[in-house]
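Naming convention: chains lettered A, B, ... in sequence-line order (proteins, then strands); numbering from 1 in each chain. All values below come from the heavy atoms of this structure, side chains included, with hydrogens, waters and symmetry mates left out.
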Amino acid sequence: MKILPMAIRSDNSTQNPFQKKGPGLSTNNVQLMPSMNMPGLTCATEETRPMAAYDRPGYELCRYVAHFMETDAGPVPVIRPDLDKKDRLSTIAVRCGIRRDKYLVSPGLYGIGSPDPDSDVLVTANYKLTFDHLRSALEGISAWILVLDTRGVNVWCAAGKKIFSTQELVNRIQAVSLEKVVAHKRVIVPQLGATGVSARQVKVQSGFRVVYGPVRAWDIPAFLTKGKKADKSMRQVTFTLFERFVLTPVELHGALKISGIAALVLFVLSGIGPGIFSFHGAWERGLVSLSALVIGLISGAVLTPVLLPFIPSKKFAFKGILMGSVCVLLLLPVIWDRIGSMAGAAALIIFTVMVSSHLAMNFTGATPFTSPSGVEKEMKQYIPVQVTGILVSAGLWIYSAF
Amino acid sequence: MQDFRYLEDVATLVLDEQKCIGCGLCTEVCPHAVFEMQENNARIVDFNACMECGACVSNCPADAISVSPGVG
Ligand code: SF4
Ligand code: SF4
């Protein structure tokens, strides 16, 4: 049962009889208990809720719980497969990085459809996006869903951090008394959780056999009907245009703080000139350099990730250089009149390209195919280039003011 | 994932074919189809696709596989 603190409730303040003001409380006609059904008082209509029996003081039922079913291990919430408007809005907010934390589901056992003791058990993470993704893929399917406590992190990232782990799976199986709910001894673990799980250890410690399900939740119905066999395409990760696109707001968000600092530095550098420091220069030239920064950001954190497979080279840092070059060449004509010198133009070009290169390299952390050893190699090679480039461009920019 | 190839010859993946007992689990858990079963034994067929996630390592019942990112 996913339960929220009482403070979140907003719908029942009007039902409090003691808040009623007006003639009912006058001194010559004392009626302190409107619930006693005295004439002359309007009482709130009674509310009958089908799940009232599951109410607990201080808790609120989650919207995605349709009803409860009794099992030998106690009541299990049965969830809906359909997402409502609020789920969808929250998904967008989370994707945009507006709310990334605390978007989670209580760990434990849930049901979907009308599961019975022979139904499969699907293991998942307690990140609400993951949970929503899974339940919406299970329309028309009856199964149990075992939500592990991954501290609001998705399956793959949690498995990499070993919080989607053998231990957590074994503990959760025991905590929900899974053996009392199902008559079989197998759990379906998403393949991307395999990094954190040892199938053999789970079997030894809990008696349950791990069957690795497909990478993507929407392949689960096909996987189940094919006798729990995943074909090759279900076993391989993808990195589609859409998958890359939804990552970009987070990339931008991550680059925001350092960009703010960079912008400040740019304005200060831009103020340096023949008169030692000029606020007019800081503003005028600062804006020009800021446009270079913004273009570098867009190139490295948005365009390079989205256009990833179409940009030549395997090295992300170099992809960023190429993309940044294209972008800055498009920007230059627009700001040409304000740059004033070749040195200034060179400074802006180098700066944009290096910002783009660095952010593009940063994106290796978000892809599902870059090996840490490869990333390390790339960083050793390109960080010196990027740092040198930025310093050179700063020097050129100051020089160009004289 | 053939559209996405990362740097070559950097992965630290090692398969000890002597130890392999041919269970096939590595072909199931690998998200990049790095392994294939040939004559009841696992073989690395796409070394450069390995992203060193370690899924094969933690699931191989014979300790036949290793990856060691961050070493060397
Ligand atoms: S480490 Fe991951 S990508 Fe590499 S072979 Fe093993 S499972 Fe496949
Ligand atoms: S998981 Fe290990 S034992 Fe099983 S096939 Fe792969 S290498 Fe061989």
Relative to chain B, which of A:Lys377, A:Met234, A:Glu378 shows the most heavy atom pairs under 4.5 Å? A:Glu378
Count the heavy-atom pairs under 4.5 Å between each of A:Ala194, A:Gly160, A:Ala159 and chain B, then report the option with the highest count. A:Ala194
Do A:Thr240 and A:Glu243 get their side chains close enough for a donor-acceptor pair, meaning under 3.5 Å? yes
Compute whether any side-chain donor of one residue and acceptor of the other, for A:Thr150 and A:Glu168, lie under 3.5 angstrom apart. no
I'd like to check A:Leu178 versus A:Val187 (side-chain heavy atoms, cut-off strictly below 4.5 Å). Are they in contact? yes
Side chain from CB out, backbone as N, CA, C, O: work out which of these in [X] comes under 4.5 Å of a heavy atom of chain B, or both, or neither.
X	result
A:Lys232	side chain
A:Val375	both
A:Ala230	neither

Options B:Ala11, B:Gly54, B:Ala33, ranked by heavy-atom pairs under 4.5 Å with chain A, top entry: B:Ala33
Under 4.5 Å, counting heavy-atom pairs only, tell me which of B:Val10, B:Asn59, B:Val67 racks up the most with chain A. B:Asn59
Would you sort out whether A:Thr166 and A:Gln205 count as a side-chain hydrogen bond (donor to acceptor under 3.5 Å, both in side chains), showing the intermediate values? CA-CA 9 Å; A:Thr166 303; A:Gln205 294 179 33; over 6 Å; no
Using a cut-off of 6.0 Å, state whether more than 12 heavy atoms not belonging to A:Lys161 lie near its atom NZ. no
Part of B:Cys56 within contact of chain A (heavy atom distance under 4.5 Å): neither
For B:Cys53, is it the side chain, the backbone, both, or neither that has a heavy atom closer than 4.5 Å to a heavy atom of chain A? both
Report the C-alpha separation of A:Thr370 and A:Thr364 in whole Å, then their side-chain angles, then the decisive distance to 0.1 Å, and conclude whether the side-chain hydrogen bond (donor to acceptor under 3.5 Å, both in side chains) test is met. CA-CA 6 Å; A:Thr370 47; A:Thr364 52; 5.2 Å; no
Tightest non-hydrogen contact, residues A:Asp149 and A:Arg151, listed as OD1-N, 3.1 Å
